[in-house]
Protein chains: 2
Amino acid sequence: MTTKDEIINLADSLIRDKGYNAFSFNDISKAIGIKTSSIHYYFPTKSDLGISVIKEQSKRFNILIKELADKSPEVKLEEFFNMYAQIKSDNKICLVGSLATDFNTIDKTVKNELKKFAEQILNWVTEILTEGKEKNIFSFQVNVRTKAIMIISNMLAIVQLSRLTNNDDFEAVKKAIIIELKQN
Amino acid sequence: MTTKDEIINLADSLIRDKGYNAFSFNDISKAIGIKTSSIHYYFPTKSDLGISVIKEQSKRFNILIKELADKSPEVKLEEFFNMYAQIKSDNKICLVGSLATDFNTIDKTVKNELKKFAEQILNWVTEILTEGKEKNIFSFQVNVRTKAIMIISNMLAIVQLSRLTNNDDFEAVKKAIIIELKQN
DNA sequence: AATATACTACCTATTAGTAGATAGGCAAAT
DNA sequence: ATTTGCCTATCTACTAATAGGTAGTATATT
């Protein structure tokens with residue numbers, strides 16, 4: 001892995017662990033053993049690094065979407081949940097939730113990249129639910145986009161909330177979503 | 001309003017606007033026109049201020065619970081949603097979501113206070129749903145506590161997520177939750 | 001007189017960011 | 001084959017701003 005990729009991965013991890021405003025170039029510097037000035041060589045500003053972190057996640061998300069293209073809506077949704085299960089088991093939160101909290105403090109350029117990433121996620125989940133409903137695998141009364149937002153919301157929030165309540169709550173919520181989608 | 005209350009209210013507002021690590025004693029100092037050292041007179045450390053913010057919200061929440069004690073589950077839930085509608089219209093996020101994001105950076109004492117507050121909220125929503133189910137007003141298959149977490153999650157996350165998507169999404173999610181609770 | 005509330009002045013640590021030096025590798029020109 | 005020069009990646013050393021926090025003092029209220 002190149003130093004640049006190492007920096008991006010570490011920044012990603014720190015943002016989802018401590019939040020955007022709590023992580024510093026010094027954290028990364030210490031962790032990978034180069035000076036902060038060397039990080040500025042790759043990323044002139046913190047915003048540049050933030051943007052790269054979002055773009056990297058977006059890239060990986062896109063790869064996942066393509067890999068699962070011919071799978072069933074159930075499998076796709078299960079894989080979507082698995083993303084958050086991984087986040088939970090790392091005691092982290094998701095990038096969108098972390099940066100949404102800090103939204104009013106981040107640069108416009110970072111905001112725009114984040115909006116694009118959130119839209120990408122929302123579009124995919126909406127597609128999964130649409131396909132699932134058409135094939136009578138999933139059942140729900142409300143608008144598809146709204147249902148997609150609700151499921152994403154549940155995942156986004158449960159990784160945050162279960163830091164305060166109980167780690168088991170993640171699994172319970174995941175199962176409950178599936179039960180409700182399959183009822184009737 | 002006393003200076004102390006003014007500081008608490010402003011800190012609350014700043015935490016829910018920018019996040020715990022992005023607000024400073026200087027922000028408050030400028031806003032209410034006293035020196036930062038004067039804020040330290042009331043709150044020796046930032047953690048002390050953070051704890052007071054949580055305790056104040058908890059106090060107000062408790063008052064709301066008592067005021068609504070003899071109301072129907074529907075009214076109670078509606079009022080619960082109204083809390084978040086207010087947050088959304090202020091373009092803020094909820095305290096629990098904000099501090100959950102910064103959880104790994106806050107003092108143990110703040111963490112404990114936050115956990116207590118989250119439990120208080122969870123208990124109330126669980127009670128509302130239990131009563132609603134008993135009286136056949138609400139209908140859901142999954143465990144009551146889990147359902148309560150899901151509804152809180154939806155609120156916690158939608159105020160964050162709709163910063164990136166669309167402000168109208170809040171109202172859509174709120175209505176969808178009610179529809180789903182009343183189906184069958 | 002005592003207490004509450006505010007102030008001035010200061011401290012140390014950390015932040016993001018910059019300027020300039022250095023060293024090694026690679027490739028084209030001599 | 002050697003030199004020249006550029007590019008990449010790192011360093012040292014620095015800056016200005018801001019952070020949370022402290023000590024001691026002044027003022028106002030009770």
Side-chain angles (χ1 to χ4, degrees), chain A residues 1-54 56 98-99 101-111 113-114, chain B residues 1-54 56 98-99 101-111 113-114:
Chain A
M1 190 164 45
T2 66
T3 302
K4 192 173 185 178
D5 288 335
E6 244 185 300
I7 296 169
I8 293 175
N9 287 344
L10 238 143
D12 174 280
S13 175
L14 286 163
I15 291 171
R16 295 184 300 106
D17 185 57
K18 301 165 55 165
Y20 184 81
N21 291 307
F23 100 89
S24 71
F25 279 54
N26 194 35
D27 292 332
I28 297 174
S29 164
K30 279 188 206 148
I32 66 178
I34 58 167
K35 301 291 163 182
T36 58
S37 50
S38 303
I39 304 169
H40 282 288
Y41 165 72
Y42 295 103
F43 307 98
T45 68
K46 198 177 182 182
S47 295
D48 291 322
L49 178 52
I51 290 170
S52 287
V53 167
I54 301 169
E56 179 60 30
S98 181
L99 293 175
T101 297
D102 296 333
F103 196 69
N104 293 338
T105 72
I106 58 179
D107 202 89
K108 202 171 187 175
T109 52
V110 186
K111 282 182 186 171
E113 207 58 44
L114 185 62
Chain B
M1 187 164 47
T2 66
T3 303
K4 192 172 184 177
D5 288 336
E6 242 182 301
I7 295 168
I8 292 174
N9 287 344
L10 238 143
D12 175 281
S13 174
L14 286 163
I15 291 171
R16 294 184 301 105
D17 185 56
K18 302 163 55 166
Y20 185 81
N21 290 308
F23 100 90
S24 71
F25 280 53
N26 194 37
D27 292 333
I28 297 175
S29 166
K30 279 189 206 150
I32 66 178
I34 60 166
K35 300 291 162 181
T36 58
S37 49
S38 303
I39 303 170
H40 281 288
Y41 165 71
Y42 295 101
F43 306 98
T45 68
K46 197 179 183 183
S47 294
D48 291 323
L49 177 51
I51 289 169
S52 286
V53 167
I54 300 169
E56 178 62 30
S98 180
L99 292 176
T101 297
D102 296 332
F103 197 68
N104 292 338
T105 73
I106 60 179
D107 202 89
K108 201 169 185 177
T109 54
V110 186
K111 281 183 187 172
E113 207 57 46
L114 185 63

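Excluded from the calculations below are hydrogen atoms, water molecules and symmetry mates; all remaining heavy atoms, backbone and side chain alike, are included. Order of the sequence lines fixes the chain letters, A, B, ..., with proteins taken first and strands second; residue numbering starts at 1 for each chain.
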In sequence, state the C-alpha distance, the side-chain angles, and the governing distance for B:Asp102 and B:Ile15, and then conclude on side chain to side chain contact (heavy atoms under 4.5 Å, CB included).
-> CA-CA 10 Å; B:Asp102 296 332; B:Ile15 291 171; over 6 Å; no
Taking the side chain as every heavy atom from C-beta outward, state whether [X] and [Y] have any pair of such atoms under 4.5 Å apart.
| X | Y | result |
| --- | --- | --- |
| A:Asn9 | A:Asp12 | no |
| A:Leu49 | A:Ile28 | yes |
| A:Ile54 | A:Leu99 | yes |

Would you jot down, in residue-number order, the residues of residues 2-16 of chain B having a non-hydrogen atom under 4.0 Å from DNA chain C?
->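 Within residues 2-16 of chain B, the residues near DNA chain C are B:Thr3.
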Distance-minimising heavy-atom pair for [X] and [Y]:
| X | Y | answer |
| --- | --- | --- |
| B:Ala22 | A:Thr105 | CB-CG2, 3.7 Å |
| B:Ser98 | B:Gly19 | OG-CA, 3.8 Å |
| A:Ala11 | A:Val53 | CB-CG2, 3.7 Å |
| A:Tyr20 | A:Gly50 | CE1-CA, 4.4 Å |

With a 4.0 Å heavy-atom cut-off, tell me which residues in residues 38-47 of chain A come close to DNA chain D, sorted by residue number.
->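 Contacting residues: A:Ser38, A:Tyr41, A:Tyr42.
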Just list the side-chain donor-acceptor pairs under 3.5 Å for residues 29-43 of chain A, sequence neighbours left out, or say none.
| residue | atom | partner | partner atom | Å |
| --- | --- | --- | --- | --- |
| A:Ser29 | OG | A:Ile34 | O | 2.6 |
| A:His40 | ND1 | A:Pro44 | O | 2.9 |

Round to a whole Å and report the spacing from [atom1] of [X] to [atom2] of [N].
| X | N | atom1 | atom2 | result |
| --- | --- | --- | --- | --- |
| B:Asp27 | D:dA17 | CG | P | 17 Å |
| A:Ile28 | D:dT10 | CD1 | P | 14 Å |
| A:Ile34 | D:dT10 | CD1 | P | 6 Å |

A:Asn21 (side chain) donor-acceptor with B:Asn21 (main chain) under 3.5 angstrom =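 Side chain of A:Asn21 to backbone of B:Asn21: no pair is present.
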Under-4.0 Å side-chain N/O to phosphate OP1/OP2 contact, B:Asn26 with D:dG20 |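 For D:dG20, OP1/OP2 do not have a side-chain N/O of B:Asn26 under 4.0 Å.
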Helical bend (five base pairs per end, nearest 10°) for the helix from C:dA1-D:dT30 to C:dT30-D:dA1 |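 One end's axis against the other's: 10°.
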With no hydrogens and no angle check, do the side chains of B:Asp5 and B:Thr2 hold a donor and an acceptor under 3.5 Å apart?
->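 Yes, B:Thr2 and B:Asp5 have a side-chain donor paired with an acceptor closer than 3.5 Å.
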Would you kindly check if the NZ (Lys) or CZ (Arg) of A:Lys46 is within the cone defined by 45 degrees around the ring axis of A:Phe25 and under 6.0 Å from the six-membered ring centre?
->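 No, A:Lys46 and A:Phe25 do not form such a contact.
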Nucleotide N/O of nucleotides 23-30 of chain D paired with protein N/O under 3.5 Å:
none

Find the distance between CG (B:Leu14) and CD1 (B:Ile7) and round it off to the nearest 0.5 Å.
->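 Output value for this atom pair is 12.0 Å.
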What distance do A:Ile106 atom CD1 and A:Lys111 atom NZ have between them, rounded to the nearest 0.5 Å?
->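 So the gap between those two atoms works out to 6.5 Å.
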What are the 5'-most and 3'-most nucleotides of DNA chain C lying under 4.0 Å from any heavy atom of chain A?
->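 First-to-last contact on DNA chain C, by the 4.0 Å heavy-atom rule, is C:dT15 to C:dA19.
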